There are 4 protein chains.
Amino acid sequence: MPDRAATQQTNKAPVRRKGAGRHRRSGEILDAAARVFAQHGYHGATTQQIADLLGIRQASLYYYFPSKEVALELVCMQGVEDFHERARAIASGTGSAAEKIAALVRAHLMPLLDTADYVRVFLNERQYLPHASRRRIAKWSRGIERVIAAVIKDGVRRGEFRPDVDPRLATLALLGMLNAVSAWYGKESTSLERISAEYVGLAISALAGPKARGR
Amino acid sequence: MPDRAATQQTNKAPVRRKGAGRHRRSGEILDAAARVFAQHGYHGATTQQIADLLGIRQASLYYYFPSKEVALELVCMQGVEDFHERARAIASGTGSAAEKIAALVRAHLMPLLDTADYVRVFLNERQYLPHASRRRIAKWSRGIERVIAAVIKDGVRRGEFRPDVDPRLATLALLGMLNAVSAWYGKESTSLERISAEYVGLAISALAGPKARGR
Amino acid sequence: MPDRAATQQTNKAPVRRKGAGRHRRSGEILDAAARVFAQHGYHGATTQQIADLLGIRQASLYYYFPSKEVALELVCMQGVEDFHERARAIASGTGSAAEKIAALVRAHLMPLLDTADYVRVFLNERQYLPHASRRRIAKWSRGIERVIAAVIKDGVRRGEFRPDVDPRLATLALLGMLNAVSAWYGKESTSLERISAEYVGLAISALAGPKARGR
Amino acid sequence: MPDRAATQQTNKAPVRRKGAGRHRRSGEILDAAARVFAQHGYHGATTQQIADLLGIRQASLYYYFPSKEVALELVCMQGVEDFHERARAIASGTGSAAEKIAALVRAHLMPLLDTADYVRVFLNERQYLPHASRRRIAKWSRGIERVIAAVIKDGVRRGEFRPDVDPRLATLALLGMLNAVSAWYGKESTSLERISAEYVGLAISALAGPKARGR
DNA sequence: AATGAATGAGCCTTCATTCAT
DNA sequence: TATGAATGAAGGCTCATTCAT
């Protein structure tokens, strides 16, 4: 995944999957949109701010995307696709349920390192997409929920997790805990490494509970 | 309601302080603002939508608050003040750390029953307040964090919770888990009762971990 | 003419001529309007500012005048009526043309002492009156011009003033010089006494010119 | 045109500096603003009226200036800059004090021929500028006053003018007389030529007084 | 690949005014 | 004599978007 930390980037051709544009410049434009949407919210952001970040004129943006709304959809898409991919890979692999949860937690936090803006926009702004694209995007997030819930269910069935854990609610709790990090990560000095470790511990404990002792 | 600039409007518009507010109408206006802000986001909301909800003309809103921004601040204030109050009361009460955490979880979810809009606005829109009011509001939320962290720290010290729990991170995790509920509560059919019970279980397990067995 | 220097006044029943209201309070309300109009201009002034100055509510103003526009007309009227009266008295009196000009200058500057606001509003804001009242008011000012022009013309005819003085233009010049004082009087520390003396000298010299020597 | 706030509008809108301005359109827009401000006063004027005069949509104005207030400042600036320049040139030239006064009077009235709107706006509306720009503009007008006062003082010292003339007050009187012309010039049928001649005569006589005979 | 010029739609806000009390 | 509540009309300004170049 290309480094998006800097405002401007250079080589390492962005591996954009869908039609986000095959050109390098398209990636930069989307990065700028993601940053501005993340900072001001979709409705609070102006195309002018995006253009400023890129050093081009406002009108020039429309060479890259047909509307602000579509830019939002593209950003949201980028923000969630990989999550699902990675979650599915982990879930369908081998290992105990606890190990899978640990891997899922780590994988879920990782993108905050270099695509934090995309993640934030997906989390907070997808709600403002028009119905059609919202549905399109919702599929991915529901997919993630389903994958996690399945792992938890499996852990319960196998006796790894507490029998009274509700997989659906536990999934939402877990995701809430993880997604909230995006809101404060970067303002705190704690490293993603530390956070991941702590959150893995909390998650496993929460699910395994008293019986976890024997693990 | 904060005074307008001295040269402006001596009209003593109805004052709405904490609680239900002396003047019923002011409360209704704020409720409408909260609802619209919650639904569309601060920047996506229009004062026209608020007025429509009340069946009054848009200009009439300005009899009750001097600006959309101040309305946001008032809503945010309402959305957080009580949290802090309740948290402090619980924390300074008697009982084990686990019991306090359980009570805190329940207390934190409770407002979703009848002031969900205020809570949502506080969580998602306070970031768009002007610096001054954001700081004012931040005090309350930092207060809540500190109260919870103190309870967790105490639990660790007393041996109730896992020794390797980081109170600060655990607090953020717990709040993330709880606050996320506001995003989906109402769309799911699960009752607050069920959610609370499950989340109490998860929280205690997460903190107490394997050692919790003896509890 | 009642003292209007202070923001609030007391006795000395205002000798309002026209229908401005026979009550004392009416005078105070008009004083406030004059002050606010003078300070902010008619269009820049708000009824709220007038109300603030009086310590009453905006709506209460409408007990005293039916509209902002009428208030302006009343203020303008007060600002000019006396001028004409006094000018006519002086012109129809006895004395040389020069003596009359001297008296006219003094009389014209005098009102700046305690009805400066009314004068300023008349000078600068009467142009914004609706056609009908503007015409009504214009009569008075044209009257003043005519009176002065007549005195000058007489002075020329009598040989007191330079033969090449154009009475109409000289009148406009004189009035321009005098009226401009209202713009800076009060910001300068010079007393009206000093100003009057100097301006009498300038006016007489301008009109009498080289021949004035023998006077 | 002053830069907009950094975060705003990188659009390099046409800049109009002194003189005709590089971009013709900017000049036309400012002319329209000057005319409307002159006619209705700053507060009484609407941006719609300016747009109507130009045959463009109201929103389009904001492509040329960032606010009505800035438009006022630009107009005021145009209205006064040249005055000062010309006055200084005349004062620092050669000739008797009387000759200089004559030249100053003529130069002061000249702009009424083709930039009357700018002059009127400067004279009557600059008071409504925000503090910062008012100060900026005040420098020019104070400069003009100082130049004239110096010439008068010099004339007194040289014995050309009456010894009892107060340079400061005489300057204010002279400027009042001259500036007042802007209020009625165009409504009267008198030519600027006639007015100038008459006003030169009045001014010289006023200052030189009885002794002027020998000139 | 980008931009200068312009615009339509809409938004927040102000303000004079009304009216029942 | 005054006011609380409300409103209609408008005003300045913003902003996404278009289009010829």
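By convention in this document, chain letters (A, B, ...) are assigned in the order of the sequence lines, proteins followed by strands, and residues within each chain are numbered from 1. Remember, it's a predicted structure, so these values are computed and weren't measured experimentally.
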Between P on E/dC12 and CZ on B/F37, what's the gap in Å once rounded to a whole number?
9 Å

Could you give the distance from CE (D/M77) to CZ (D/F122), rounded to the nearest 0.5 Å?
10.0 Å

Taken to the nearest whole Å, OH/D/Y63 to P/F/dT14 is 16 Å

Any N or O donor-acceptor pair linking the side chain of C/Q58 to the base of E/dA16 at under 3.5 Å?
yes

Nearest 0.5 angstrom please: D/E28 CD to D/Y64 OH, how far?
8.5 Å

So what does C/A71 touch, heavy atoms closer than 4.0 Å: a base, only the sugar-phosphate, or nothing?
nothing

Length of the NZ-P vector between D/K68 and E/dT13, whole Å:
18 Å

Starting at the 5' end of DNA chain E, which residue's closest nucleotide do you reach first, B/T46 or A/L61?
A/L61

Does D/R57 have a side-chain nitrogen or oxygen under 4.0 Å from the phosphate oxygens OP1 or OP2 of E/dG8?
yes

Rounded at 0.5 Å granularity, tell me how far CD1 in A/I137 sits from CG in A/L72.
7.5 Å

Just checking D/A45: base, sugar-phosphate only, or nothing, at a heavy-atom cut-off of under 4.0 Å?
sugar-phosphate

Rounding to a whole Å, what distance do you find between D/Q48:CD and F/dC13:C1'?
13 Å

Of C/E69 and D/R25, whose nearest nucleotide on DNA chain E comes first from the 5' end?
D/R25

Which nucleotide in the list E/dA1, F/dC19, E/dC19 gets nearest to the side chain of A/Y64?
E/dA1

Taking for each residue the nucleotide of DNA chain F with the nearest heavy atom, is it A/P66 or A/G44 whose nucleotide lies nearer the 5' end?
A/G44

Distance check needed: E/dA9 C1' versus A/H43 NE2, whole Å only.
15 Å

E/dT14, F/dT17, E/dT18: which one has an atom nearest the side-chain heavy atoms of B/Y62?
E/dT14

Salt bridge (Lys or Arg N to Asp or Glu O under 4.0 Å) between B/R134 and B/E73, intermediate numbers included
CA-CA 8 Å; B/R134 202 164 60 243; B/E73 184 177 353; over 6 Å; no

Whole-Å gap separating C1' (E/dA2) and CD1 (A/I29):
11 Å

How close or far is atom P of E/dC15 from atom NE2 of C/H40, stated in whole angstroms?
11 Å

Using purine N1 to pyrimidine N3 plus N6-O4 or O6-N4 for Watson-Crick, or N1-O2 and O6-N3 for G-U wobble, each under 3.5 Å, what pairs with F/dT3?
E/dA20

How is D/S60 classified with respect to the nucleic acid when contacts are heavy atoms under 4.0 Å: base, sugar-phosphate, or nothing?
base

Now, which nucleotide makes the Watson-Crick or G-U wobble pair with E/dA1, with each of the two distances under 3.5 Å?
none

From B/D52, B/T47, B/I50, B/T46, residue fulfilling side chain to side chain contact (heavy atoms under 4.5 Å, CB included) relative to B/Q58:
B/T47

What integer distance in Å separates C/I50:CD1 from E/dC15:C1'?
12 Å

Who pairs with F/dC15 - Watson-Crick or G-U, where each distance is under 3.5 Å:
E/dG8

Is the phosphate of F/dA16, meaning OP1 or OP2, less than 4.0 Å from a side-chain N or O of A/T47?
yes

Ring-ring centroid check A/F37 A/Y42, cutoff 6.0 Å:
yes

